[in-house]
Amino acid sequence: MNVVIVESPAKAKTINKYLGSGYTVLASYGHVRDLPSKDGSVRPDEDFAMSWDVDAKAAKRLNEIAEAVKGADKLILATDPDREGEAISWHVLEVLNRKKALKGADVERVVFNAITKTAVTDAMRHPRKLDMELVEAYLARRALDYLVGFTLSPVLWRKLPGARSAGRVQSVALRLVVDRELEIESFKTQEYWTVEAEVSAGSDPFSARLVKLDRKRLGKFDLPDEASAKAARKAVEAATLRIAAVEKKPGRRSPPPPFTTSTLQQEAARKLGFSAQRTMQAAQKLYEGVDENGGLITYMRTDGVQMAPEAIDETRRVIGERFGTNYVPEQARIYKTKAKNAQEAHEAIRPTSLARHPTMVRLDGDLQRLYELIWRRTIASQMESARIERTTVDIDSLDGALGLRATGQVVLFDGYLAVYEEGRDDAAADEDGARLPAVAENASARVHGVKADQHFTEPPPRYSEASLVKKLEELGIGRPSTYASILTVLREREYVRMDKQRFIPEDKGRLVTAFLEQFFERYVEYDFTAALEEKLDKVSAGDLDWKELLREFWRDFHAAVEGIGDLRVTQVLDSLNEALGPHIFPDRGDGTDPRTCPVCGTGQLSLKVSRFGAFVGCSNYPECRYTRAVAAPEGGEADADGGDRELGLDP
DNA sequence: CAGTGAGCGAGCTTCCGCTTGACTT
């Protein structure tokens, strides 16, 4: 008898089926051990010694595993083929060794990145040893995260009452939200106008935009006000027009790759309105399966876009049957990940059987809709590209001073668009979607009406859950298993709030960000994690000692912590006040200096702290009693207003 | 209705990443 260890029970069940009777497949249910949530779990002055703790539930699992291993010939560690997976195998092995549960049993490490019968049985024939360098990269990652989080958080408690936590991932996610808000606040809207004419040339009328005026190309801001727009409109109305050129260009649109965790969360938000959490809950149920037929989709926490060859074959077959052979490309499509720091331990998220059409499964609301989305996306990813034709019609005045342009596109062959079109976040609507009537070059054109429209440039949009997850993934920050919880932490700490499904930073979040930027700048830089990952890669390649990585990190980090530890709260505030700027003193938009007191008009505002939390107060205290709360400790809210009220704006 | 106030204090909070049930509301 052989004992096989994987992470999840659903996976254990499937693999058991593939391997048959000579094997017992058990799940570890995750990491099994972790650092206890208290001081001293990682000890830099003992050469980064780490204490591990097995919680009660994991202990039960491990006892079951130890029991099964007792009479076994072999222990086969088949956890995920990435850094964390290697670590899980190591943790399990460590515990079993400590229990002395491994007498005589051989230990093998086996990896597969698709759960198909061929992939699994093939992997079983190629066992290897545990990769200790990969495990050491994990240890470095784990220790660093602990040291950053469990050092910075207490610093925050002491220096900024009301602030609760900081960490390598959450603090950068928060910074993204805060920085975007600052961008929005400092954004200057700009007015511009466009002129559009309804024209015809022996055809149905169509609309064309003014693109040339006074023999010059019209830039976006060349019609800055109503007067210039009206003058341009008059010029169009007075002009004699002819069709100068008709150009048709063929184009292709290729399908998007199949889903990863990040893209699934984004699309489910855009198309179904699901939060990241709701998406993951539904996906988990689809993965576990609803009846005896097993899971309906592959593993839902993945950054891989690749698919098992068997699945690609089946997808192509289903496309041929349902849509016709002209929808099947000659070659199967192979996708490569673009995400930084992708581990690609798992396949893309796809139905376990493409033949299981959404109409053939009966599921609860969320599950049904999510399954259909995944089925369509997977099918689309292997379908033929759409072929389109883009048409551009240039219309000039006879004297050549004016130019108008109309664009349109026609889908000649829909290809993958027959099942799926990717949603958009904040992009402007397609303007060249319309079909244009056939017109002949040199035909004269008639103007039916001209309109001038006013527009204003808009600031960048606030992050939604979907766009923030997308950004985090681009920066290589966080993992598929943590995206949804990162969003939750920011809300629980009251660093941000949601408004119309968008993240808005609270003053508390701005303050924490300003503080970290001021005193721990390099640890909240957007590429800190990417740089760390490069070093971790060196560790796993054997080119860098994991303790050397930690020593180097700790030297600088510890110095920064010592530096601020010596400062009194008031000194921190003085230094912070210099740097705070728009984080805490936003432009009020009425031309007054953001740092002068809005009540007395002479006092200077600055940040202070008390047992009520951080607040902004006037230098003329106690004559002037203007205050504005910035960050209150848990439950320490003065009243329902939360100090948000702008006192004294109308004295 | 006004709007907490700054060198003292007891004791509390916290990280990231991997995985699901077993508690009660």
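These numbers come from the heavy atoms of this one structure, side chains and all, not from hydrogens, waters or symmetry mates.
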Student: Spell out yes or no: do the side chain of Arg142(A) and the base of dC15(B) have one donor N/O and one acceptor N/O closer than 3.5 Å?
Tutor: yes
Student: Determine the interplanar angle of the Tyr523(A) and Phe557(A) rings, folded into 0 to 90°, and report it as parallel if under 30°, tilted if 30 to 60°, perpendicular if over 60°.
Tutor: perpendicular
Student: Find the distance Tyr29(A):OH to dA22(B):C1' and express it as a whole number of Å.
Tutor: 13 Å
Student: Of the listed nucleotides (dC18(B), dT20(B), dT13(B)), which one gets closest to any side-chain atom of Ile88(A)?
Tutor: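 Closest of the options to the side chain of Ile88(A): dC18(B).
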Student: Looking at the side chain of Thr627(A), which of dT19(B), dC16(B), dG3(B) is the nearest nucleotide?
Tutor: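 The nucleotide sitting nearest to the side chain is dG3(B).
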Student: Does the side chain of Thr482(A) get closer than 4.0 angstrom to OP1 or OP2 of dG17(B) through an N or O atom?
Tutor: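 So the side-chain polar atoms of Thr482(A) do come within 4.0 Å of the phosphate oxygens OP1 or OP2 of dG17(B), strictly under.
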Student: Which is true for Gly85(A) with a 4.0 Å heavy-atom rule: it touches a base, it touches only sugar-phosphate, or it touches nothing?
Tutor: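 Counting heavy atoms under 4.0 Å across all strands, no contact is made by Gly85(A).
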Student: Looking at Thr151(A) and Val148(A), would you say the former's side chain and the latter's main chain have a donor-acceptor pair under 3.5 Å?
Tutor: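 Checking the backbone N and O of Val148(A) against the side chain of Thr151(A), no donor-acceptor pair under 3.5 Å is found.
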Student: Is there a side-chain contact between Ser28(A) and the phosphate of dC18(B), meaning an N or O under 4.0 Å from OP1 or OP2?
Tutor: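 Looking at the OP1 and OP2 atoms of dC18(B), neither is under 4.0 Å from any side-chain N or O of Ser28(A).
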Student: Want to settle it: does Phe150(A) or His346(A) sit nearer the 5' end of DNA chain B, counting the closest nucleotide to each?
Tutor: Phe150(A)
Student: Using only side-chain N and O atoms of Ser165(A), determine if any of them is under 4.0 Å from OP1 or OP2 of dC15(B).
Tutor: yes
Student: Report the distance from atom CD of Glu494(A) to atom P of dT13(B), rounded to the nearest whole Å.
Tutor: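 So the two atoms are 17 Å apart, to the nearest Å.
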Student: Among the nucleotides dC15(B), dC18(B), dT13(B), which one has an atom lying closest to any side-chain atom of Gln170(A)?
Tutor: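 The answer is dC15(B).
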Student: Does a side chain donor of either Thr263(A) or Thr260(A) reach within less than 3.5 Å of an acceptor in the other side chain?
Tutor: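 Per modelled atom types, Thr263(A) and Thr260(A) side chains form a pair under 3.5 Å.
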Student: Using only heavy-atom distances, decide whether a donor-acceptor pair under 3.5 angstrom links the side-chain of Thr151(A) to the base of dC15(B).
Tutor: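 No.
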Student: What's Pro622(A) touching, base or sugar-phosphate or nothing? Going by heavy atoms closer than 4.0 Å.
Tutor: nothing
Student: Heavy atoms only, 4.0 Å cut-off, all strands: where does Gly30(A) land among base, sugar-phosphate and nothing?
Tutor: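 Counting heavy atoms under 4.0 Å across all strands, the contact made by Gly30(A) includes a base.
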Student: Does the aromatic ring of Trp157(A) sit over the six-membered base ring of dT13(B), closer than 5.5 Å centre to centre and tilted less than 30°?
Tutor: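 Whether judged by distance or by angle, Trp157(A) passes, so it stacks on the base of dT13(B).
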Student: Which of these, Leu490(A), Val178(A), Val489(A), Leu487(A), sits in a side chain to side chain contact (heavy atoms under 4.5 Å, CB included) with Val496(A)?
Tutor: Leu490(A)
Student: For dG17(B), does either OP1 or OP2 sit under 4.0 Å from a side-chain N or O belonging to Tyr138(A)?
Tutor: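 No.
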Student: Answer with base, sugar-phosphate or nothing: what part of the nucleic acid does Val148(A) contact at a heavy-atom distance below 4.0 Å?
Tutor: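 If one applies the 4.0 Å heavy-atom cut-off, Val148(A) turns out to touch nothing in the nucleic acid.
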Student: Taking the side chain as every heavy atom from C-beta outward, state whether Arg551(A) and Phe48(A) have any atom pair closer than 4.5 Å.
Tutor: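 With C-beta onward as the side chain, the pair touches.
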Student: Among dT14(B), dC18(B), dC16(B), which nucleotide has an atom closest to any side-chain atom of His31(A)?
Tutor: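 So the nucleotide nearest the side chain must be dC18(B).
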Student: Any base atoms under 4.0 Å from Ala87(A), or only sugar-phosphate, or nothing? Heavy atoms, all strands.
Tutor: nothing
Student: Rounded to whole Å, please give me the gap between CH2 in Trp52(A) and P in dC18(B).
Tutor: 13 Å
Student: So, is Arg625(A) near the phosphate of dT4(B), with a side-chain N or O under 4.0 Å from OP1 or OP2?
Tutor: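 Checking dT4(B) against Arg625(A), a side-chain N or O does come within under 4.0 Å of OP1 or OP2.
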Student: Just compare dC16(B), dC18(B), dT13(B) and give me whichever is closest to any side-chain atom of Arg168(A).
Tutor: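 For the Arg168(A) side chain, the nearest candidate turns out to be dC16(B).
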Student: Using the side chain to side chain donor-acceptor pair (under 3.5 Å) rule, pick out the option among Ser8(A), Ser28(A), Ser89(A) that qualifies with Thr79(A).
Tutor: Ser89(A)
Student: Is there a donor and acceptor pair closer than 3.5 Å between the side chain of Arg479(A) and the base of dC16(B)?
Tutor: no
Student: What nucleotide among dG17(B), dT19(B), dT14(B) has an atom nearest to a side-chain atom of Arg301(A)?
Tutor: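 In terms of side-chain proximity for Arg301(A), the closest of dG17(B), dT19(B), dT14(B) is dT19(B).
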Student: Over how many whole Å does the gap from Gln343(A) atom CD to dC18(B) atom C1' extend?
Tutor: 12 Å
Student: Picking from dT20(B), dT13(B), dC16(B), which would you name as closest to the side chain of Asp145(A)?
Tutor: dC16(B)
Student: Rounded to the nearest angstrom, tell me the gap between atom CG in Leu532(A) and atom P in dC15(B).
Tutor: 18 Å
Student: Going by the glycosidic torsion and a 90 degree boundary from 0, is the base of dC18(B) oriented syn or anti?
Tutor: anti
Student: Taking the six-membered ring of Tyr29(A), is the NZ or CZ of Arg61(A) close enough (under 6.0 Å from the centre) and on axis enough (within 45°)?
Tutor: yes
